[in-house]
Amino acid sequence: MCGRYRLSRRKQFIAEYFETDNEVDWEPRYNIAPSQPVGIIRQDPSRPERHFSPARWGLIPSWASDASIGFKTINARAETVATKPAFRDAFVSRRCLLPADGFFEWMRSGKEKQPFHFGMRDDSLFAFAGLWDRWRDPAGTVIESCSRWVSAYANRSPAPKWVPPREADGGDLGSAEALMRGRRPALSAKELGACNR
DNA sequence: CCAGACGTTGTT
DNA sequence: GTCTGG
DNA sequence: CCAGACGTTGTT
DNA sequence: GTCTGG
């Protein structure tokens with residue numbers, strides 16, 4: 001879920017909302033894809049100030065031999081984030097927020113895929129719970145990257161691998177599709193991408 | 001011991 | 001179908 | 001997440 | 001770096 005999101009506010013607005021300083025040169029973005037630079041909010045627990053600064057979306061653990069693992073680490077499951085090798089160190093001591101004002105889910109009908117946008121009713125900002133890490137590429141360049149941790153099964157314990165829809169749930173209660181039913185589709189993926197140019 | 005992975009989604 | 005890059 | 005590639009030889 | 005599978 002949440003493989004793309006939106007942060008379409010100007011940096012002063014974001015900084016004021018989250019009471020951060022403003023180190024990142026952020027321009028409004030409507031269709032943020034994995035591996036792209038995003039803005040994250042961090043705070044040293046022993047200090048009062050928060051920082052809004054850039055990171056690549058898709059966490060690259062410090063031990064990675066190349067950056068490609070970042071394409072698979074855009075999200076961490078809340079149920080396992082504390083123990084997975086790629087995330088657990090960050091989970092202990094490198095948490096952050098990923099500010100956003102929306103995210104996208106796609107509904108598939110046969111071959112067609114239609115994006116839907118989700119956000120606050122008043123279009124206000126919110127933030128994903130995040131992790132970050134620091135990686136040194138083979139040339140020695142430091143790359144900071146981040147991931148979000150989200151619960152895929154918020155109300156179920158233990159987390160099942162897959163739960164078939166039950167008739168009593170109306171077929172697909174809790175699925176992204178149920179959330180999208182009756183809503184107005186968003187712009188297509190291509191149109192969304194064009195918004196960033 | 002070494003070699004290779006290290007992750008999530010959604011689905012039957 | 002599956003992997004890679006954005 | 002989606003979109004686009006997915007391969008080699010040999011050379012103007 | 002650390003764990004898992006062979």
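In what follows, chains are A, B, ... by sequence order, proteins preceding strands, each numbered from 1. None of the values given here were measured: they were computed from a predicted structure.
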Taking atom P of C/dG5 as reference, at what distance in whole Å does atom CH2 of A/W57 sit? 18 Å
If we require ring centres under 5.5 Å and near-parallel planes under 30°, does A/W63 stack on B/dC6? yes
Mind checking the C1' distance from B/dG10 to D/dC1? Whole angstroms is fine. 13 Å
Separation of atom CG in A/D66 from atom C1' in B/dC6, rounded to whole Å: 12 Å
Euclidean distance, atom CD1 of residue A/I74 to atom C1' of C/dT4 [Å, nearest integer]: 14 Å
Using 30° and 60° as the class limits, which term best fits the ring planes of A/F126 and A/F128: parallel, tilted or perpendicular? perpendicular
Which is true for A/A33 with a 4.0 Å heavy-atom rule: it touches a base, it touches only sugar-phosphate, or it touches nothing? base
Rounded off to whole Å, could you give me the CG-to-C1' distance for the A/N75 and D/dC1 pair? 9 Å
A/R77 has a side chain; which of B/dT9, B/dG7, B/dC6 sits nearest to it? B/dT9
Whole-Å distance separating the CZ atom of A/R4 from the C1' atom of B/dT8: 16 Å
On a heavy-atom basis, the closest approach of A/E79 and A/S151 is OE2-OG, 3.2 Å
Selection from C/dG6, B/dG7, B/dT8 that lies nearest to any side-chain heavy atom of A/P34: C/dG6
How long is the line joining NZ of A/K72 and P of B/dC6, in whole Å? 6 Å
Nucleotide D/dC1, atom C1' - distance to CD of A/E105 in whole Å: 9 Å
In plain terms, say whether A/D21 and A/K11 are close enough for a salt bridge, that is, a side-chain N and a carboxylate O under 4.0 Å apart. no
Distance between the C1' atoms of D/dG7 and C/dT4, in whole angstroms? 16 Å
How close do A/V38 and A/C146 get, heavy atom to heavy atom, and via which atoms? CG2-SG, 3.6 Å
When the P atoms of D/dT8 and C/dG5 are compared, how many Å lie between them, rounded to an integer? 15 Å
Could you check whether A/F71 gets within reach of a base, just the sugar-phosphate, or nothing at all, counting any heavy atom under 4.0 Å? base
Paired nucleotide for D/dG4 [Watson-Crick or G-U wobble; both distances under 3.5 Å]: C/dC3
What integer number of Å spans the P atoms of D/dG4 and B/dC6? 28 Å
With a non-hydrogen cut-off below 4.0 angstrom, is A/R88 in contact with a base, only sugar-phosphate, or nothing? sugar-phosphate
Atom CD of A/Q36 to atom P of D/dC2: distance rounded to whole Å? 14 Å
Quiz question: going by heavy-atom distance under 3.5 Å, is there a donor-acceptor pair between the base of C/dG6 and the side chain of A/S35? yes
When you get a sec, tell me which of B/dT8, D/dC1, D/dC2 is the closest nucleotide to the side chain of A/K113? D/dC2
Under the rule for side-chain contact (heavy atoms from CB on, under 4.5 Å), what residues qualify as partners of A/R183, not counting sequence neighbours? A/F116, A/F118
So what does A/A76 touch, heavy atoms closer than 4.0 Å: a base, only the sugar-phosphate, or nothing? sugar-phosphate
With a 4.0 Å cut-off on heavy atoms, is A/T80 in touch with a base, just the backbone sugar-phosphate, or nothing at all? sugar-phosphate
From the list A/R42, A/R136, A/R56, salt bridge (charged side-chain N to carboxylate O under 4.0 Å, His left out) partner of A/E144 resolves to A/R42
